[in-house]
Each structure stands twice: as C-alpha cells, then as structure tokens.
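What follows is a short report on a single structure.
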Protein chains: 2
Amino acid sequence: MTHTYDYPRPAVTTDVVLFTIDAERLRVLLVRRGGDPFRGCWAFPGGFIELDEDLIDGARRELAEETGVTGVYLEQLYTFGTPNRDPRGRVISVVYYALAPEGRVSVRAGSDAAAVQWFPVNELPPLAFDHDEILAMAKVRLATKLGYSTIALQSMPEKFTLSELQSVYEVVLGRTIDKRNFRKRMLAVGSIEPCQAWLRRGNHRPARLYRATSPEVVDWTARAGL
Amino acid sequence: MTHTYDYPRPAVTTDVVLFTIDAERLRVLLVRRGGDPFRGCWAFPGGFIELDEDLIDGARRELAEETGVTGVYLEQLYTFGTPNRDPRGRVISVVYYALAPEGRVSVRAGSDAAAVQWFPVNELPPLAFDHDEILAMAKVRLATKLGYSTIALQSMPEKFTLSELQSVYEVVLGRTIDKRNFRKRMLAVGSIEPCQAWLRRGNHRPARLYRATSPEVVDWTARAGL
DNA sequence: GCAAAAGTGTTCCAGATACACCCATGT
DNA sequence: ACATGGGTGTATCTGGAACACTTTTGC
C-alpha cells in the first residue's frame, strides 16, 4: 500500500543522542548500520516517525526497538534538515538527547540493528550522515545544562554518593571541581537529600548516600540575567 | 502531479515568531488566516517546506512571502509535532523566532495572506492551532537569551542610544533596570561602541549614539556553570 | 599503622545591585 | 527659568573560587 500527496513531503525521523558515564568517561550510544548508505558506519538510534505518535514517543520507541533502552528522560535538542544530509532524499531529523544512569541501560541488539555499543565520545568510529555535527551540539548542550538544571541527577541511580555525582560533573565538563564547593552548592540548591544509608566500598570511610528530592523535574532556574 | 511514498509522511512546515518593540510594548507579527481551519484566527507566518531548501530558508521565504519582512536573523526555537495539532492531518512545525528592529520591518500583506499585523503580546486575538503554546515558549526563550547574548542588538537600527537599548531590555524582561548599571555592563561587555554622533530630540540634552561592534554575531557566552 | 576516599569551613574576589545629582537642550 | 531626558561614581552585597586537614574504614 502506498501513500499519495499533492505536494512532495520530506521524510521525518527522530534520533536520540544518549549519553552515559562509565569508567570515568563520557560515552554515547551508537548503532551500527547494516545497510546502505553508510553501511558499517555508526549512527544514533532513530527512525521514521509514525503518523499517530508524538515526536518524543517516536524517539522513545526507536530507542527501545533498536537498543532495548527504556525509561530515560528525553529532551529535544534541535531539528536538522539540510537538504542533502541523507543521500536517499530529503530527511528531517528531530533529535532528542538524554543522560542515562550507568547500569540502568541494558543494551541489547534490537531487531533492526546489527550491533549496539557505547563509545567514549573521544574514541568514536566513523559516524553516518551529519551525526558528528549533531553530537557536537549535544555535547555543548549537555555541558551547558549541567550548570542550571538537575539533568545530572537523571544519570544517577536512586541512591548515590556525592563523589559519584561530582564525577558526572567532572567528566561532562572535562575538568576537576573542588569537593567542598561542589557539596556546598549541591546541598544549598536543595535538589538532593541525604538518606539514612551509607555505602561501604574499599579501604576507606563509608560514603553517605543521597537521593534526588524530585526525580522527575529537570529544569528549574530560568535565569534571565541582568 | 502527485507524489507517492511507501509509508505515510507528515507534512512539515516552518513558522516564524517575529517580535518587535514599538511604543514601549513587545509585539508579535501575526497573519490572519483566510481559509479553514481556524478561518479568521491569527497565526504566525509560515508554511510548507520545499524539498530543496534548508529549514531556515523555508522560514525566511514564508516570512517574506506572507509579510514582506526580510533580513532578520532567525534562530530555531523548537519543533512542535503533537499528532492532532492541525485538524487537517499530521503537521510538524519547525519554529524559528527573532527580534526585529522597529522600523526595519515594512509589513505588507503578501499574496497568500488576508492581513498582516503587529499585536502587543498582552492583547492578542484568538490564535490558530497551538500557536499560543508556541508563543509562550518563544517569550521565555527571548527573555532568557537577552541575558547572555546580543540578540537585543538585532532589534536596534544601525545607530541607537543607550536609552533605546535599555528600553528593549525593560520591555522584554517586564521590569525596570537601573540606568547606570545597565550602561556600565553594556560597555564592559564590549558589544557596542560609541559613534561620533549625537541624537537631538526633544527639550533635553542630546543622546550619544552607539553601534554594535559585530552586528552579525549573536551568541557569545556559552556559560557552563559551576 | 598505613593507604585511600569521605567529610568539613573560612577567606577572598569579582560581578551585580542600590542609590542621587548635575548636564545640555528646547521652549 | 524650567521641564525633560542624558549622563555619571561609589558603597555594599552576594555568590563563586581557592584552599588543607581530620575521619573512618580495610588490609
């Protein structure tokens, strides 16, 4: 069955740039392309939108189908629509991004992907289409958002130590942060609270565990400046 | 001539939320809809993307065709694609926004619009589709961007007084700003420079004229926080 | 007792805010 | 001379940045 329109229409896809932090490195989830064009290159999970689903639902669906990852909080990044970004024809991609907790994402190859893998953002394989450009924008946005939102908490398990949270900031921002200043600020903001639990791990003092006070909310400071 | 595809495709439009400031009020450019649906309601200028034009070029083209406005610096706002936002079928709208200089925009009704008009954002007629939601997001973005970009300079003529520029900030932010602090900061940032020219107007001391040092550039502080 | 990460306060600086008077012009 | 907006400087506050030692555990 085919579909006919009076005017030509572009194809619309949703893609997902999913970050995580593992072994002190910022990583991004990629899918190896099994077919042309860009066969053998890696790309962000994504695919064509269905006519009755919201954009973000399409992004979630493709992410789940291709990688098995579910339950991450997606945020719209940007829409890419340069005419020749896909050699097969006009494709407009609405791109979402997120920062996922390390363990929570159980990657498995889905039905329509030959392989799924986390890559350190500094050691990337060749990317398909304009996905390098998309990734560059996503990295900047992620780092910027860390400063004034609780997006980092999305990447944490339910309970976590302050050192673990600090490590997320350090990896994404690419620099070290003073421990005392970090703790002071995190607690002052009020987005996390201590649990009555400690984590014993290694030959050292146990670390207090914290949890997000409102795990759903991501933004809160609008900040207008001046 | 018709166009046929194996899978259904959404229609894609680009829309433009164009702000200006006139008579101490923030205004937005709207086009009256001549046909159904939402006949007689007002909407942002916009229309279907062509297959060989970039998204931002589509936005510029539609803006020019429907309102006669050209030469404004557009920035992508967000992509709206909820399935039932347009009763005629699935329509995905990539929305751009800008802040235009007051005089520069010579509005005229274009070929496919019954009427074009600037409305104060606080005295709006009924809007078509989800354009009230779009406008709400655009207002927030505009106010936020004022704080860390030179977008306000886009709304200025080539030469302008500091009082005029301050008025833009006050109108968009919806509050008054201290004159001395404002001038101090604007000059410290270095995005404007004084001309050897003064504006005589009214029964008072003439105002020095300034110009943007680099009128093209809009953003400069990335600000990561922490 | 030693190694290893957790935890904790104070000082300093820069940028933002608050605030009031004189200046140049047209009428 | 007076009304009108243009122009200027200082004191204070606040939030960010720098900085070093003690604590608790496992071995």
Side-chain angles (χ1 to χ4, degrees), chain A residues 21 23-24 143-144 146-149 152 156 159-171 173-211 220-226, chain B residues 21 23-24 143-144 146-149 152 156 159-171 173-211 220-226:
Chain A
I21 290 169
E24 305 281 296
T144 305
L146 272 195
Y148 63 96
S149 79
M156 294 277 102
K159 295 179 176 177
F160 53 88
T161 71
L162 282 178
S163 295
E164 289 164 352
L165 182 61
Q166 179 172 344
S167 171
V168 170
Y169 278 79
E170 289 181 334
V171 169
L173 297 178
R175 61 187 170 85
T176 59
I177 301 171
D178 180 82
K179 206 200 307 188
R180 283 166 291 189
N181 293 338
F182 180 79
R183 296 160 107 86
K184 207 186 315 173
R185 176 168 161 175
M186 282 299 137
L187 295 171
V189 164
S191 52
I192 60 174
E193 60 188 8
C195 311
Q196 294 301 331
W198 282 261
L199 176 65
R200 275 198 321 284
R201 179 179 55 182
N203 316 340
H204 55 80
R205 180 173 174 172
R208 179 148 209 169
L209 290 168
Y210 290 78
R211 76 167 67 83
W220 69 145
T221 322
R223 70 154 77 168
L226 262 181
Chain B
I21 291 169
E24 305 282 295
T144 305
L146 272 195
Y148 62 97
S149 80
M156 296 277 101
K159 295 179 177 179
F160 52 89
T161 71
L162 282 178
S163 294
E164 289 164 352
L165 182 61
Q166 179 172 344
S167 171
V168 170
Y169 278 80
E170 290 182 333
V171 169
L173 296 179
R175 62 188 169 85
T176 59
I177 302 170
D178 179 81
K179 205 201 306 189
R180 282 167 291 189
N181 293 338
F182 180 79
R183 296 160 107 87
K184 207 185 317 173
R185 175 168 163 175
M186 281 299 136
L187 294 171
V189 164
S191 52
I192 60 174
E193 60 188 8
C195 311
Q196 295 302 331
W198 282 260
L199 176 65
R200 275 198 320 285
R201 178 179 54 183
N203 317 340
H204 55 79
R205 180 174 174 173
R208 178 148 209 169
L209 290 168
Y210 291 78
R211 77 167 66 83
W220 69 144
T221 322
R223 69 154 77 167
L226 262 180

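So you know, we letter chains A, B, ... as the sequences are listed, proteins then strands, and number each from 1.
The distance between atom CZ of B:R205 and atom P of D:dG6, rounded to the nearest whole Å, is 10 Å. In this entry the distance linking CG of B:L162 with C1' of D:dT8 reads 12 Å, nearest Å. Residue B:K184 contributes atom NZ, which lies 8 Å from atom C1' of D:dT10 at whole-angstrom precision. Atom CZ in B:F182 sits roughly 18 Å away from atom P in C:dG15 (whole-Å rounding). Atom-to-atom, CG of A:D178 to P of D:dC21 comes out at 14 Å; the value is rounded to the nearest Å. Residue B:R201 contributes atom CZ, which lies 15 Å from atom C1' of C:dA24 at whole-angstrom precision. One interatomic measurement links the two molecules: CE of B:M186 to C1' of C:dT17, which rounds to 15 Å at whole-angstrom precision. Computed from coordinates, the B:I192 CD1 to D:dG7 P distance equals 11 Å when rounded to whole Å.
Residue B:S149 comes nearest to B:Y169 through the heavy atom pair O-OH, 4.2 Å, listed as atom of the first residue, atom of the second, then distance. Summarising the geometry of A:R211 relative to A:P194, their closest heavy-atom pair is NH1-O, 4.4 Å, with the distance given to 0.1 Å. Nearest heavy atom pair, residue A:E170 against residue A:I177, reads OE2-N, 2.9 Å. The nearest pair of heavy atoms linking B:E164 to B:M156 is O-CE, 4.1 Å.
Counting atom types as modelled, A:N203 pairs no side-chain N or O with a base atom of C:dC2 as donor and acceptor under 3.5 Å. Contact annotation: side chain of B:N181 to base of C:dA18, donor-acceptor pair present below 3.5 Å. The base of C:dA24 is not paired with the side chain of B:R200 by any donor and acceptor separated by under 3.5 Å.
The phosphate of C:dG7 has OP1 or OP2 within less than 4.0 Å of a side-chain N or O from A:R183. When the side-chain nitrogen and oxygen atoms of B:S163 are compared with OP1 and OP2 of D:dG5, none of them lie within a distance under 4.0 Å.
By the neighbour-count criterion of 12 heavy atoms within 6.0 Å, atom CD of A:E24 is sparsely surrounded, having that number or fewer from other residues, nucleotides or ligands.
Nearest-nucleotide assignment on DNA chain C puts the 5′-proximal partner with A:H204, out of A:R180 and A:H204. Residues A:K179 and B:G202 both approach DNA chain C. Their nearest nucleotides, taken by heavy-atom distance, put A:K179 toward the 5′ side.
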